[in-house]
Amino acid sequence: TLVFASFVWIATTDPRDAVLALARQLRVPYRFAFAVSLALRFLPILEKEAAAVRDAQRLRGGFGGAPRRNIRRRLAEQRRFIFTVFVNAVRRVRLISETMDSRAFGLYPDRTYRRSLRVPASGCALMIGSAVATGLVFVLVFAMGYEM
């Protein structure tokens with residue numbers, strides 16, 4: 001249920017609106033809200049990059065070349081894959097941080113916003129309904145004797 005709700009939220013919500021709502025309505029510090037925004041934008045890029053690295057390693061004979069390889073070789077392939085993706089992610093983060101520094105991000109304690117976000121009554125009703133439904137699911141799970 002949580003995964004389905006997350007997919008619905010991601011498909012229907014603009015990340016910029018989510019960050020604006022975090023900062024303006026929920027009074028989350030804008031540095032944290034901006035970090036959430038970067039994460040939301042960065043994950044699809046990281047996923048594409050991981051697919052490209054995996055494809056490149058397959059072309060070089062890794063990741064499924066021979067059907068019966070030993071566990072050490074598979075672990076070594078996974079280690080190389082994770083290391084490559086990690087290094088590429090660090091390069092991107094460094095570039096983004098240098099860009100943020102050059103634009104004096106975080107220089108002032110408060111931030112101005114180009115646009116404002118109004119949450120309609122239907123959005124508030126959906127949020128409250130979702131919280132109630134989630135609470136009911138937890139109550140039912142515990143009432144049926146399941147443990148988490």
Side-chain angles (χ1 to χ4, degrees), residues 1-108 111-115 117 119-120 122-123 126-142 144-148:
T1 303
L2 184 61
V3 171
F4 177 71
S6 298
F7 282 131
V8 169
W9 184 80
I10 288 169
T12 59
T13 306
D14 184 15
R16 292 174 295 192
D17 289 344
V19 170
L20 188 59
L22 276 174
R24 301 291 302 269
Q25 269 75 26
L26 298 178
R27 308 269 191 250
V28 171
Y30 78 90
R31 290 176 153 267
F32 180 76
F34 191 74
V36 170
S37 170
L38 284 177
L40 290 173
R41 292 179 186 180
F42 192 64
L43 286 176
I45 294 170
L46 190 61
E47 183 181 356
K48 288 179 186 176
E49 196 161 305
V53 168
R54 180 165 278 139
D55 290 343
Q57 288 183 349
R58 275 193 187 130
L59 286 174
R60 292 184 182 114
F63 283 110
R68 292 188 179 211
R69 278 186 270 148
N70 64 12
I71 189 86
R72 282 189 180 165
R73 186 166 175 189
R74 280 192 265 166
L75 287 174
E77 288 173 354
Q78 288 296 324
R79 201 171 341 145
R80 280 194 304 269
F81 170 73
I82 290 170
F83 180 76
T84 305
V85 172
F86 178 75
V87 167
N88 288 340
V90 168
R91 285 180 187 156
R92 285 190 185 273
V93 168
R94 195 184 93 228
L95 179 65
I96 289 171
S97 69
E98 288 173 1
T99 303
M100 289 170 61
D101 283 343
S102 70
R103 294 181 181 184
F105 180 79
L107 182 64
Y108 301 105
R111 181 173 170 89
T112 59
Y113 296 94
R114 185 171 50 114
R115 62 188 180 97
L117 180 68
V119 179
S122 61
L126 179 63
M127 183 174 59
I128 292 169
S130 297
V132 168
T134 302
L136 286 174
V137 167
F138 279 118
V139 168
L140 288 173
V141 164
F142 287 122
M144 295 165 89
Y146 292 108
E147 293 183 20
M148 295 199 177

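V19 has its side chain out of reach of F34: every pair of non-hydrogen atoms, C-beta onward, lies at least 4.5 Å apart.
D17 CG to L22 CG: the interatomic distance, rounded to the nearest 0.5 Å, is 11.0 Å. A distance of 10.0 Å separates OG1 in T84 from CD in E49, rounded to the nearest 0.5 Å. In this structure, CZ in F81 is found 9.5 Å from CZ in R58, a value given to the nearest 0.5 Å. Note: D101 CG to I96 CD1 = 12.0 Å, rounded to the nearest 0.5 Å. Within the model, atoms CZ of R60 and CD of E77 stand 13.0 Å from one another, a figure rounded to the nearest 0.5 Å. Between the CG atom in D14 and the CG atom in L20 there is a gap of 10.0 Å [rounded to 0.5 Å].
Heavy atoms of other residues, nucleotides or ligands lying less than 6.0 angstrom from CD of Q25 number more than 12. The local environment of CZ in F42 is crowded, with over 12 non-hydrogen atoms from other residues, nucleotides or ligands closer than 6.0 Å.
Residues L46 and A89 approach most closely at CD1-CB, 3.8 Å, considering heavy atoms.
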